[in-house]
K.L.:
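My questions all concern the structure below.
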Amino acid sequence: MSFVWPWQYSFPPFFTVSFGPAARGPVARAPLAPTPRLHQRLLNPRPGKLPLESIQVVLEELRKNGNLEWLDKNKTSFLIMWKRPEEWGKLIYQWVSRNGLTNSVFTLYELASGDDTENEEFHGLDEAMLLRALQALQQEHKAEIITLDDGRGVKFF
């Protein structure tokens with residue numbers, strides 16, 4: 001099995017926008033196999049601060065990909081997500097299906113921190129992101145978020 005780089009490795013602004021003040025045009029992707037040192041040089045080819053305009057390009061691309069959500073109207077605060085809620089929901093539902101757990105009820109704690117999910121990618125997921133993932137599953141009619149005596153839970157279909 002060959003290694004697959006995460007989506008962040010080929011994130012367009014890191015490779016297609018020149019951040020230097022003298023050049024704002026596109027640049028070619030590096031033809032070399034990346035190493036940690038080469039990768040760092042590609043991401044930050046010049047020392048110093050990244051100009052605000054360049055930061056805005058990166059943030060807008062993250063937003064278009066669904067990996068950034070603005071938390072205020074002035075766009076001064078944001079949430080960057082490694083995976084979109086729909087992607088987390090898909091991973092959770094795959095685990096539920098693979099283990100024959102449809103028609104089962106779980107607390108949010110059991111999903112994010114329970115022994116049964118210890119080896120799953122979503123284990124340790126922040127509760128706010130877990131809720132977003134479950135809301136995505138709820139919209140697909142694969143789950144229903146419920147209120148339990150000691151907090152929230154979810155029933156999978």
Side-chain angles (χ1 to χ4, degrees), residues 1-17 19 29 33-44 49-157:
M1 187 166 122
S2 64
F3 177 77
V4 177
W5 289 95
W7 67 266
Q8 292 86 348
Y9 174 74
S10 60
F11 186 59
F14 292 156
F15 293 96
T16 58
V17 175
F19 295 120
R29 289 183 184 259
T35 64
R37 187 175 187 135
L38 173 62
H39 194 242
Q40 179 60 31
R41 292 190 72 158
L42 290 171
L43 292 176
N44 190 9
K49 262 186 159 175
L50 196 59
L52 181 59
E53 176 186 322
S54 299
I55 293 170
Q56 290 171 335
V57 168
V58 171
L59 296 179
E60 178 57 22
E61 192 69 26
L62 281 168
R63 188 200 60 77
K64 283 195 290 187
N65 290 342
N67 295 98
L68 179 140
E69 183 179 302
W70 292 107
L71 299 176
D72 64 344
K73 291 179 183 179
N74 296 329
K75 297 184 178 182
T76 59
S77 182
F78 52 87
L79 172 67
I80 295 180
M81 301 171 275
W82 178 259
K83 292 185 184 296
R84 295 185 308 274
E86 298 80 15
E87 293 171 310
W88 285 118
K90 182 178 178 181
L91 288 173
I92 293 167
Y93 198 77
Q94 286 172 347
W95 173 78
V96 167
S97 298
R98 190 173 56 243
N99 290 288
L101 299 170
T102 53
N103 295 318
S104 297
V105 175
F106 292 89
T107 65
L108 298 187
Y109 177 83
E110 288 174 311
L111 283 177
S113 304
D115 293 340
D116 293 339
T117 64
E118 195 169 35
N119 295 321
E120 300 301 318
E121 191 174 350
F122 60 86
H123 186 82
L125 190 61
D126 176 73
E127 185 174 320
M129 184 56 69
L130 178 60
L131 272 171
R132 289 173 180 222
L134 296 174
Q135 287 167 346
L137 288 175
Q138 187 168 275
Q139 288 179 343
E140 297 176 23
H141 306 289
K142 294 181 177 179
E144 181 181 351
I145 300 169
I146 56 176
T147 302
L148 302 170
D149 292 337
D150 56 346
R152 291 189 195 164
V154 61
K155 180 175 181 172
F156 293 100
F157 305 113

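Not measured: the values here are computed from a predicted model. All values below were derived from every heavy atom in this structure, side-chain atoms included, with hydrogens, water molecules and symmetry-related copies excluded.
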K.L.:
Once ring-ring contact (aromatic ring centres under 6.0 Å, His included) is applied, what residue pairs with a partner in residues 108-136 remain, sequence neighbours excluded?
P.N.:
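Only W95-F122 qualify under ring-ring contact (aromatic ring centres under 6.0 Å, His included).
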
K.L.:
Quick one: pull up CZ in F106 and CD1 in I92 and give me the separation to the nearest 0.5 Å.
P.N.:
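Going from the CZ atom of F106 to the CD1 atom of I92 covers 11.0 Å.
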
K.L.:
Working to the nearest 0.5 Å, report the span between OH of Y93 and CG of L101.
P.N.:
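If we round to the nearest 0.5 Å, Y93:OH and L101:CG are 10.5 Å apart.
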
K.L.:
I'd like to know if the side chain of N67 and the backbone of M81 have a donor-acceptor N/O pair within less than 3.5 Å.
P.N.:
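Flag set: sc N67 to bb M81 pair under 3.5 Å.
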
K.L.:
Who are the salt bridge (Lys or Arg N to Asp or Glu O under 4.0 Å) partners of E110, not counting sequence neighbours?
P.N.:
none

K.L.:
Just verifying a value: how many Å separate N103 CG and F157 CZ, rounded to the nearest 0.5 Å?
P.N.:
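It is 7.5 Å, given to the nearest 0.5 Å.
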
K.L.:
Taking side chain as C-beta onward, heavy atoms only, is L130 less than 4.5 Å from R152?
P.N.:
no

K.L.:
Evaluate the side-chain contact (heavy atoms from CB on, under 4.5 Å) criterion for residues W88 and L134: first the C-alpha distance (whole Å), next the side-chain angles of each, then the deciding distance (0.1 Å), finally the verdict.
P.N.:
CA-CA 8 Å; W88 285 118; L134 296 174; over 6 Å; no

K.L.:
I need the I80 CD1 to L59 CG distance, nearest 0.5 Å.
P.N.:
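With rounding to 0.5 Å, CD1 (I80) is 6.0 Å from CG (L59).
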
K.L.:
What residues form a salt bridge (Lys or Arg N to Asp or Glu O under 4.0 Å) with R63, not counting sequence neighbours?
P.N.:
E60

K.L.:
Hey, what do you get for CG (N99) to OG1 (T117), rounding to the nearest 0.5 Å?
P.N.:
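The CG atom of N99 sits 10.5 Å away from the OG1 atom of T117.
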
K.L.:
By salt bridge (Lys or Arg N to Asp or Glu O under 4.0 Å), which residues pair with K64, not counting sequence neighbours?
P.N.:
E61

K.L.:
Restricting to pairs with a member in residues 50-85, which pass ring-ring contact (aromatic ring centres under 6.0 Å, His included), not counting sequence neighbours?
P.N.:
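Of all non-adjacent pairs touching residues 50-85, those that pass ring-ring contact (aromatic ring centres under 6.0 Å, His included) are W70-F78.
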
K.L.:
Counting neighbours of CG on D72 that are heavy atoms of other residues, nucleotides or ligands and sit closer than 6.0 Å, is the number greater than 12?
P.N.:
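Correct, the count exceeds 12.
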
K.L.:
Run the side-chain contact (heavy atoms from CB on, under 4.5 Å) test on L91 and K83 for me, step by step, so that the C-alpha distance in whole Å, both residues' side-chain angles and the decisive distance to 0.1 Å come before the verdict.
P.N.:
CA-CA 10 Å; L91 288 173; K83 292 185 184 296; 3.8 Å; yes

K.L.:
With sequence neighbours excluded, what pairs up with E127 under the salt bridge (Lys or Arg N to Asp or Glu O under 4.0 Å) test?
P.N.:
none

K.L.:
Under the 3.5 angstrom rule, does the side chain of R132 hit a backbone N or O of R84 as a donor-acceptor pair?
P.N.:
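Not at all, since once roles are kept as given, no pair shorter than 3.5 Å links the two residues.
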
K.L.:
Restricting to non-hydrogen atoms, name the atom on A133 and the atom on G89 that form the minimum distance, rounded to 0.1 Å.
P.N.:
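Between these two residues, the closest heavy atoms are CB-N, 3.6 Å.
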
K.L.:
Nearest 0.5 Å, what's the CD-CD distance between E86 and Q135?
P.N.:
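Interatomic distance, E86 CD to Q135 CD, rounded to 0.5 Å: 10.5 Å.
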
K.L.:
Take E121 and Q94 through the test side-chain contact (heavy atoms from CB on, under 4.5 Å) and record every step on the way to the result.
P.N.:
CA-CA 11 Å; E121 191 174 350; Q94 286 172 347; over 6 Å; no

